[in-house]
Undergrad: 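The following block contains the structure, expressed as structure tokens.
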Amino acid sequence: MSLPTTEVKTEDLTAQTAKTKQLIVQKFGGSSVSDAEGIKRVARRVVDAQKAGNEVVVVVSAMGDTTDELLDLAAQVTDSAPAREMDMLLSAGERISMALLAMAINKFGASAQSFTGSQAGMITDGIHGKARIIDVDPHRIRTALDKGHVAIVAGFQGMTRSTREITTLGRGGSDTTAVALAAALEADVCEIYTDVDGIYTADPRVVSTATKIDRISSEEMLELAASGAKILHLRCVEYARRFGVPLHVRSSFSQNEGTWVLPSADDKITIQEGVALEQPIISGVAHDRSEAKVTVVGVPDIPGKAAAIFQVIAKAHSNIDMIVQNVSTHGTGRTDISFTLPIVEGADALTALRAAQPEIGFESIEYNENVGKLSLIGAGMRSHPGVSATFFKALSDAGININMISTSEIRISVVTHADLLDDAVRAIHKAFDLDGDAEATVYGGTGR
Ligand code: ADP
Ligand code: ASP
Ligand code: MG
């Protein structure tokens with residue numbers, strides 16, 4: 001597996017983080033607290049960590065698939081839910097698990113207090129559904145710890161400073177809550193507990209022979225997360241890197257050592273200098289089903305039209321990912337521009353584009369949610385001839401047709417039909433010799 005720029009032994013990390021009294025932030029995802037048994041299991045684990053002499057802050061997600069179920073419910077009520085009310089609804093999921101976990105911990109003989117995101121001092125901007133943390137003031141959490149409590153915080157939510165509106169951070173955002181709290185409290189480590197034993201070379205739900213990675217640099221993890229590997233929320237990895245928070249991703253169902261995501265080399269973890277690197281270049285394969293493909297058909301092929309399209313999209317607060325512009329169809333002076341964006345942002349982007357159609361002068365819009373993106377991540381891809389050849393041969397051998405391609409120094413991505421995505425991931429994983437000897441364990445969750 002590829003390593004960060006200097007070598008760190010996992011035992012060293014464990015030893016360093018095993019000093020007497022630590023402040024640990026533990027985050028438990030939805031599959032870890034999917035039912036009452038799960039909540040009790042997590043509670044025992046938290047109590048053990050506190051009994052071992054640590055100060056423990058716990059961030060919880062909503063139970064199981066609660067967030068999806070709340071979204072489904074809202075969709076049955078209306079197809080145009082106000083974003084503010086959606087955040088009020090979704091933030092309720094985490095409030096349920098935080099209170100139940102506090103009850104379970106109290107039952108097991110330790111004391112715990114739960115806090116909503118706003119009570120925990122998570123201050124965000126006002127963009128409902130994908131709010132960004134702008135400040136963290138965890139004084140109530142600090143006070144709870146000083147009094148000997150375990151502090152439990154609802155993940156994925158915050159509050160605007162002036163209007164005190166409730167916001168949510170976007171799907172998977174509890175990871176970012178945990179890291180932001182760890183940074184603000186200067187925690188020794190942020191443990192992300194989930195339903196697999198760590199970060200693998202591909203999603204173990206798709207590639208059962210994926211290999212567990214013992215340690216990964218935050219740069220590589222950023223790339224995997226940005227490419228859709230939902231094991232960690234992208235912004236949590238960015239935040240951890242910026243503030244030097246060591247992340248340990250591991251299973252809440254086993255005691256196995258997980259994967260360490262290492263912040264920059266000069267931070268809290270002492271890196272052994274001068275250890276020779278023998279690194280294979282490939283880190284892993286990520287896939288993403290959360291994006292849709294938009295094609296703006298018949299765009300006048302003159303300067304300024306692409307800019308106009310992307311200004312419209314930016315105003316609709318959509319995040320564009322891949323972009324492809326075709327050469328203009330011979331003699332027509334018109335071209336097609338395709339791009340991908342998150343499905344959840346599709347409706348707003350389409351509305352904005354349609355409104356701008358007369359002004360921009362394109363002919364029509366095609367919208368397709370039935371696509372998936374596969375990305376191969378690794379250092380120095382461009383300087384290793386043969387990587388692309390192997391990549392495209394593997395897809396062709398597997399009979400996978402490609403819709404879009406983009407490459408960078410550290411990534412090759414393709415968009416395919418959604419139904420072919422899993423086969424494509426397995427083909428690429430195998431072609432780059434990433435398959436391990438053992439079957440990866442998936443302990444729970446529905447993968448939804
Ligand atoms: P949680 O509810 O704990 O936040 P998530 O479902 O958000 O859990 O993330 C864990 C899931 O991420 C795993 O069950 C796995 O299916 C998926 N996953 C995707 N890519 C990877 C990867 N490279 N390594 C491990 N898990 C991955
Ligand atoms: N409950 C939220 C979600 O399902 C946040 C999270 O789990 O991190 O996306
Ligand atoms: Mg998650």
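The figures that follow rest on heavy atoms only: side chains count, while hydrogens, waters and symmetry mates do not. Note that ligands are numbered from 1 as they come in the structure, with each ligand's atoms numbered from 1 the same way.
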Undergrad: Is it the side chain, the backbone, both or neither of A202 that has a heavy atom closer than 4.0 Å to ligand 1?
TA: backbone
Undergrad: Hey, is A210 one of the residues with a heavy atom under 4.0 angstrom from ligand 1?
TA: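 No, A210 has no heavy atom closer than 4.0 Å to ligand 1.
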Undergrad: The test is side-chain contact (heavy atoms from CB on, under 4.5 Å); show your working for V153 and V58 and say whether it passes.
TA: CA-CA 6 Å; V153 178; V58 179; over 6 Å; no
Undergrad: Measuring from atom 21 (C) of ligand 1, which candidate in V425, D203, V206 has the nearest non-hydrogen atom?
TA: D203
Undergrad: I'd like to know whether I152 forms a side-chain contact (heavy atoms from CB on, under 4.5 Å) with V60, so could you lay out the CA-CA distance, the side-chain angles of the two residues, the decisive distance to 0.1 Å, and finally the verdict.
TA: CA-CA 7 Å; I152 301 175; V60 268; 4.1 Å; yes
Undergrad: Could you check whether any heavy atom of V196 sits closer than 4.0 Å to an atom of ligand 1, since that is the contact criterion I want to use?
TA: yes
Undergrad: Atom 2 (O) of ligand 1: which protein heavy atom is closest, and how many Å away?
TA: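 Looking at atom 2 (O) of ligand 1, the protein heavy atom closest to it is G30 N, 3.2 Å.
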Undergrad: Examine ligand 1 and decide if any of its atoms is less than 4.0 Å from a heavy atom belonging to G284.
TA: no
Undergrad: Could you check whether K393 pairs with D397 (Lys NZ or Arg NE/NH1/NH2 to Asp/Glu carboxylate O, under 4.0 Å)?
TA: yes
Undergrad: Ion pair present between R235 and D175, side-chain N to carboxylate O less than 4.0 angstrom?
TA: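 Here R235 does not pair with D175 in a salt bridge, since their nearest N and O are not under 4.0 Å apart.
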Undergrad: Identify the protein heavy atom lying closest to atom 7 (O) of ligand 2, giving its residue, its atom name and the separation to 0.1 Å.
TA: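 Sorting protein heavy atoms by distance from atom 7 (O) of ligand 2 puts S61 OG, 3.0 Å first.
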Undergrad: Heavy-atom contacts under 4.0 Å between H233 and ligand 2: side chain, backbone, both, or neither?
TA: neither
Undergrad: Check each atom of ligand 1 against the heavy atoms of I199 and keep those under 4.0 Å away; list them by number with element.
TA: 24 (N)
Undergrad: What's the shortest heavy-atom distance between S413 and M322, and which atoms?
TA: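 Distance-wise, the nearest heavy atoms are O-CE, 3.7 Å.
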Undergrad: If you compare all heavy atoms of H429 against all heavy atoms of T209, which two are closest, and at what distance to 0.1 Å?
TA: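 In this case the closest contact between H429 and T209 is CE1-O, 4.1 Å.
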Undergrad: Please write down residue, atom name and distance for the protein heavy atom closest to atom 14 (O) of ligand 1.
TA: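 Atom 14 (O) of ligand 1 sits closest to the protein heavy atom D195 OD1, 2.6 Å.
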Undergrad: Ignoring hydrogens and geometry beyond distance, is a side-chain donor-acceptor pair present between E291 and T340 at under 3.5 Å?
TA: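 A donor-acceptor contact under 3.5 Å links the two side chains.
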Undergrad: Among all protein heavy atoms, pick out the one at the shortest distance from atom 25 (C) of ligand 1; state its residue, atom name and that distance to 0.1 Å.
TA: G198 O, 3.3 Å
Undergrad: Test side-chain contact (heavy atoms from CB on, under 4.5 Å) on Q113 and I105 and set out the steps.
TA: CA-CA 9 Å; Q113 283 186 340; I105 291 173; over 6 Å; no
Undergrad: Taking the six-membered ring of F253, is the NZ or CZ of R41 close enough (under 6.0 Å from the centre) and on axis enough (within 45°)?
TA: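 Cation-pi check for R41 and F253: passes.
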Undergrad: Would you call R250-E257 a salt bridge at under 4.0 Å N-O?
TA: no
Undergrad: Who's the nearest protein heavy-atom neighbour of atom 24 (N) of ligand 1, and how far?
TA: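 For atom 24 (N) of ligand 1, the nearest protein heavy atom is Y200 N, 2.9 Å.
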Undergrad: Around atom 9 (O) of ligand 1, find the nearest protein heavy atom and jot down its residue, atom name and distance.
TA: K230 O, 3.5 Å
Undergrad: Flag the pair E191 and K27 as a salt bridge only when some basic side-chain nitrogen lies within less than 4.0 angstrom of an acidic carboxylate oxygen.
TA: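 Not counted as a salt bridge, because no side-chain N and carboxylate O are separated by less than 4.0 Å.
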Undergrad: With a 4.0 Å cut-off on heavy atoms, is G172 in contact with ligand 2?
TA: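 Judged by the 4.0 Å heavy-atom criterion, G172 does count as contacting ligand 2.
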Undergrad: To which protein heavy atom is atom 27 (C) of ligand 1 closest, and what is the distance rounded to 0.1 Å?
TA: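 Checking every protein heavy atom, the shortest distance to atom 27 (C) of ligand 1 gives I231 CB, 3.7 Å.
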Undergrad: Tell me: protein heavy atom nearest atom 3 (O) of ligand 1, and distance?
TA: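 For atom 3 (O) of ligand 1, the nearest protein heavy atom is T194 OG1, 2.7 Å.
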Undergrad: Is any side-chain N of the basic residue among R241 and E238 closer than 4.0 Å to the acidic one's carboxylate O?
TA: no
Undergrad: Look at ligand 2 and say whether G173 reaches it with a heavy atom at a distance under 4.0 Å.
TA: yes
Undergrad: Of the protein's non-hydrogen atoms, which lies at the shortest distance from atom 1 (N) of ligand 2, and what is that distance?
TA: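 Answer, as residue, atom name and distance: E94 OE2, 2.6 Å.
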Undergrad: Heavy atom under 4.0 Å from ligand 1: found in K27's side chain, backbone, both, or neither?
TA: side chain
Undergrad: Does an N or O anywhere in D175 fall below 3.5 Å from an N or O of ligand 1?
TA: no
Undergrad: State, to 0.1 Å, how close V414 and F391 come at their nearest heavy-atom pair, and which atoms those are.
TA: CG1-CE2, 3.7 Å
Undergrad: Ignoring angles and geometry beyond distance, decide whether D175 reaches within less than 3.5 Å of ligand 2 through its nitrogen or oxygen atoms.
TA: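 Min N/O separation from ligand 2 is not below 3.5 Å for D175.
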Undergrad: Which of the numbered atoms in ligand 2 are below 4.0 angstrom from a heavy atom of R171?
TA: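 Ligand 2 atoms under the 4.0 Å threshold to R171: 3 (C), 4 (O), 9 (O).
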Undergrad: For the backbone of Q50 and the side chain of N54, can you confirm whether one donor and one acceptor N or O come within less than 3.5 Å of each other?
TA: no
Undergrad: If you count the atoms of ligand 1 from 1 in the order shown, which ones are under 4.0 Å from a heavy atom of A229?
TA: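 Listed by number with element, the hits are 20 (N).
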Undergrad: Would one find an N or O of T201, backbone or side chain, under 3.5 Å from an N or O of ligand 1?
TA: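 The answer is no, given that T201 and ligand 1 share no N or O pair closer than 3.5 Å.
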